[in-house]
Amino acid sequence: MLKINNLHAEIEDKKILNGINLEVKPGETHAIMGPNGSGKSTLASVLVGRDVFKVTKGEVTFMEKNLLKMEPEDRAREGLFLSFQYPVEIPGVSMMSFMRTAVNQVREFRGQKSLSSAAFLKFMRERKKLVEIDSKLTNRSVNEGFSGGEKKKNEIFQMSMLEPKLSILDETDSGLDIDALRIVANGVNALKSPETSNIVITHYQRLLDYIVPDFVHVLYEGKIVKSGGRELALELEEKGYDWIKNELA
Amino acid sequence: MTGLKMNLLKACLMQIENYLNTYQSILNDSDQNIPDFVRKERDEAREAIIQNGLPDRSDERYRYLDLKLIFENTEYKRIISEPAVTDSLSSFFQCEVQGMDTDLILLSNGWYHESTLPKDCKVVVCSMRQASQKYPDLVKTHFNQYLKEAKDGWTELNTMLAQDGVFIYVPDNYVPDKPIQIVNLTHGFSEKEIFQRNLIVIGKNAKLQLLICDHTLNKAKNVNHLGTEVFIGENADFQMYDLQNEPDISNVFSHLAFHQEAFSRLTSLAFSLHGGTIRNNVYVTMSGQGAESNVYGLVLSDRQQRMDNFTFIDHAVPNCTSNELYKSILDEESRGAFSGRILVRKDAQNTNAFQTNNNLCLTNEAKMRSKPQLEIYADDVKCSHGATVGQIDEDALFYLRTRGIDKHEARFMMLFAFANDIVRKIDIEPLRDRVADLVSKRLRGELVACEHCLLNCENN
């Protein structure tokens with residue numbers, strides 16, 4: 001599904017990614033952990049097409065297509081989704097018209113008929129129930145005045161509406177209380193199917209109790225320096241990152 | 001003095017002389033039956049112009065507006081006597097706001113033409129010329145009492161040369177069952193300069209919703225000098241929606257004065273959606289306690305268009321509230337300015353005055369100037385002002401795109417949201433929908449020559 005080969009990226013001549021290699025197959029969940037500043041969020045941003053980052057080397061294919069050549073909207077339409085670490089507030093743009101435009105543009109791209117108002121509302125109701133999001137949130141402007149928890153729930157709600165193949169969850173657990181964390185994780189799990197995959201970026205093992213990864217990778221100085229199974233996350237939780245840094249030294 | 005400056009000064013003096021000559025030929029026309037009190041105001045305006053001239057960029061209020069663009073190299077024709085009545089224009093022009101029923105008043109090149117008000121309607125509507133004969137006391141009480149305060153040569157020019165316009169009087173305690181719509185039709189083939197003067201008097205506890213549409217079919221450049229005075233009686237409610245949708249060769253120079261009595265409510269919305277050069281001067285005087293004014297404006301400009309808003313809110317007495325919100329989206333090489341002066345006089349305690357001006361410049365060439373000006377002489381007041389000039393939020397744009405929305409649509413959604421802050425203040429639902437539609441077409445670049453008005457005329 002996703003193949004990252006020797007990916008290098010920089011911002012304003014500062015090298016951040018220094019040769020990432022990663023393959024994600026359908027149905028898999030990968031966790032990416034690593035100390036602050038190791039390049040986790042940059043990797044997510046590069047994959048969804050944030051143009052402030054310059055890719056200097058390497059290839060990425062998604063569903064057998066050259067991802068790096070696509071516009072951000074086409075990446076989304078192909079089935080790539082990012083749950084933002086800091087979702088953006090957009091005053092005046094209603095959640096309803098935002099989601100309707102997004103869903104219909106994605107459907108059009110996938111050769112599906114656009115949804116009528118009634119069909120859209122029905123679909124939205126179902127999805128809100130599935131991810132347990134407060135129905136009032138969709139009556140407001142996009143993320144405007146939302147609490148930290150509401151913003152993260154709203155990301156998962158959008159994910160449920162767009163039905164992506166691969167979702168990247170960038171520190172979706174940060175700023176969440178225990179109840180909100182459970183709701184968000186349940187939403188992600190409810191949307192999981194053998195055809196869909198997740199990349200979970202997190203600092204804490206706690207989230208991985210709910211969203212169980214098949215693989216755990218450690219990112220350090222722009223490279224994946226260690227990969228393992230679920231138990232690697234537990235080990236990191238216990239020992240921190242120093243032992244990995246020491247191994248590399 | 002340099003040669004260039006001399007030339008400019010000379011041109012300016014020639015322009016003034018030209019206006020004074022026009023006034024002289026009006027006075028010489030024996031058909032003109034001008035009542036003495038009107039004549040007196042006009043003569044005073046003439047004297048003021050001779051004394052002070054017409055303001056240009058050296059006047060602080062006109063610093064950002066290059067009027068040369070309008071007046072340079074053009075010999076405008078002025079219509080100084082009443083045009084012959086041709087066919088009923090309203091049979092050609094029909095309003096096209098679906099679901100909105102209005103009574104229509106039609107003006108042709110600044111002269112009152114006709115209205116469709118039913119006979120049993122208690123609202124008085126007629127031409128200004130008729131009004132000064134039929135209702136001399138009413139007209140005398142209000143005519144030029146409010147605009148004169150502006151002490152602006154351009155306003156005085158309007159007073160001196162405008163010979164007609166519309167008069168509306170809503171009697172005390174009367175609430176008409178429909179909004180009234182004024183259509184200012186500019187038509188013909190020659191380059192023309194039009195002067196129009198309106199007077200609107202709203203009685204105690206009365207209400208009026210007024211929609212003003214400018215519609216230009218003129219085949220050559222024109223300048224419309226519009227002067228409107230509105231008296232809002234005690235506890236009366238007045239809403240005014242001004243839709244300025246003009247072709248690039250059409251220029252609007254508008255002077256609006258509102259006089260508010262105690263506990264009256266004013267909502268004024270100006271939509272400057274298209275036009276060559278548009279200058280709106282708005283004066284609000286709150287002279288009765290408990291009055292509330294809401295003054296809003298939206299500007300959408302592109303290419304070489306120039307749109308300028310100047311407002312002056314005078315809190316003359318205690319316990320009044322004013323809210324101002326002006327927003328502009330400037331594309332390509334367009335220029336705009338907002339100057340908002342608020343005066344809170346010494347005794348006007350308990351004043352609430354809020355002013356906001358937000359602007360988006362979509363290119364490096366588009367330029368916006370914003371100048372809040374608060375003068376507060378009372379000590380127990382709540383006043384705030386804020387002005388922003390910025391670009392479209394790239395983070396928000398990217399966020400929308402990551403949800404599968406293409407770049408153009410995402411950009412449109414954000415611009416529309418910005419403009420919709422003003423549109424949603426329209427109280428009449430069908431009108432709100434129609435204006436929202438016009439704004440979205442304008443933002444998508446889909447407005448064709450004739451579509452930017454509410455009328456369904458033969459050119460459509």
Side-chain angles (χ1 to χ4, degrees), chain A residues 44-45 47-53 70-110 112 114 141-144 151 154-155 157-164 167-168 170, chain B residues 271 296-300 325-329 356-360 362 386-426 432-433 435-437 439-444 446:
Chain A
S45 294
L47 291 177
V48 293
R50 189 76 165 116
D51 60 7
V52 293
F53 297 100
M70 289 183 213
E71 295 293 331
E73 53 268 37
D74 287 330
R75 301 181 193 205
R77 293 163 181 177
E78 289 285 357
L80 185 63
F81 181 86
L82 171 65
S83 167
F84 281 62
Q85 185 181 356
Y86 304 108
V88 185
E89 297 195 14
I90 314 180
V93 175
S94 76
M95 270 307 295
M96 196 84 86
S97 73
F98 162 50
M99 268 294 99
R100 192 158 176 220
T101 307
V103 165
N104 281 334
Q105 289 212 352
V106 167
R107 288 180 67 91
E108 191 188 342
F109 184 84
R110 294 175 187 168
Q112 296 164 305
S114 63
S141 290
V142 179
N143 293 323
E144 193 188 21
K151 281 181 183 166
N154 191 22
E155 295 292 286
F157 164 66
Q158 293 173 40
M159 174 179 158
S160 75
M161 293 294 287
L162 297 172
E163 303 178 309
S167 303
I168 305 166
D170 188 3
Chain B
F271 294 93
Y296 308 125
L298 175 66
V299 169
L300 306 178
L325 176 62
Y326 275 80
K327 293 189 134 189
S328 316
I329 301 177
T356 309
N357 175 226
N358 303 125
N359 308 287
L360 284 178
L362 303 182
T388 60
V389 180
Q391 285 87 40
I392 203 160
D393 180 349
E394 290 292 332
D395 289 338
L397 196 62
F398 178 69
Y399 185 80
L400 294 174
R401 293 177 72 192
T402 63
R403 284 0 182 191
I405 299 172
D406 73 61
K407 199 174 167 181
H408 293 289
E409 188 64 26
R411 196 177 128 101
F412 164 76
M413 286 172 84
M414 291 183 57
L415 295 181
F416 185 78
F418 181 85
N420 197 37
D421 257 359
I422 305 289
V423 177
R424 68 175 176 214
K425 295 193 184 291
I426 300 177
R432 188 167 59 235
D433 293 346
V435 173
D437 185 46
V439 167
S440 58
K441 279 188 173 145
R442 175 76 169 110
L443 291 174
R444 287 181 194 276
E446 287 170 1

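The chains referred to below are lettered A, B, ... by the order of the sequence lines, with proteins before strands, and numbering in each begins at 1. Note that the structure is predicted; figures quoted are calculated from it, not measured.
- The contact between A:Val142 and chain B is made entirely by side chain atoms (from C-beta outward), counting heavy-atom distances below 4.5 Å.
- Neither the backbone nor the side chain of A:Ser94 has a heavy atom closer than 4.5 Å to any heavy atom of chain B.
- The candidate from B:Leu400, B:Asp421, B:Asn420 with the greatest count of non-hydrogen atom pairs under 4.5 Å with chain A is B:Leu400.
- Counting heavy-atom pairs closer than 4.5 Å to chain B, the top-ranked of the candidates A:Pro72, A:Ala76, A:Pro91, A:Gly49 is A:Pro72.
- Counting heavy-atom neighbours within 6.0 Å of A:Glu108 CD, excluding the residue itself, gives a total of 12 or less.
- Residues A:Gln105 and B:Ile405 share a closest heavy-atom pair of OE1-CA, 3.3 Å.
- The pair A:Glu71-B:Lys407 fails the salt-bridge criterion, with no side-chain N (NZ, NE, NH1 or NH2) lying under 4.0 Å from an Asp/Glu carboxylate O.
- Annotation: B:Gln391, atom CD; neighbour count of heavy atoms from other residues, nucleotides and ligands within 6.0 Å does not exceed 12.
- From A:Leu80, atom CG reaches atom OG1 of B:Thr402 across 9.5 Å, with rounding to the nearest 0.5 Å.
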Q: Please lay out, stage by stage, how A:Thr101 and B:Glu409 fare under the test side chain to side chain contact (heavy atoms under 4.5 Å, CB included).
A: CA-CA 9 Å; A:Thr101 307; B:Glu409 188 64 26; 3.7 Å; yes
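- In terms of heavy atoms, B:Gly404 sits closest to A:Val106 at CA-CG2, 4.1 Å.
- Counting heavy-atom pairs closer than 4.5 Å to chain B, the top-ranked of the candidates A:Met99, A:Arg77, A:Arg50 is A:Arg50.
- Applying the ring-ring contact (aromatic ring centres under 6.0 Å, His included) test to residues at least two apart or on different chains, the pairs with a partner in residues 74-107 of chain A are A:Phe84-B:Tyr399.
- Heavy atoms closer than 4.5 Å to chain B are found nowhere in A:Pro164, neither backbone nor side chain.
- In this structure, chain B has a heavy atom under 4.5 Å from the side chain of A:Asn143, while its backbone stays farther away.
- Sorted by first and then second residue, the ring-ring contact (aromatic ring centres under 6.0 Å, His included) pairs with a member in residues 400-425 of chain B read B:Phe412-B:Phe416; sequence neighbours excluded.
- Of the atoms belonging to B:Asp395, heavy atoms from both backbone and side chain fall under 4.5 Å from chain A.
- Within the 4.5 Å cutoff, side-chain heavy atoms of B:Phe398 are placed close to those of A:Val48.
- A:Glu155 has a carboxylate O that lies under 4.0 Å from a charged side-chain N of B:Arg403, or vice versa, which qualifies the two as a salt bridge.
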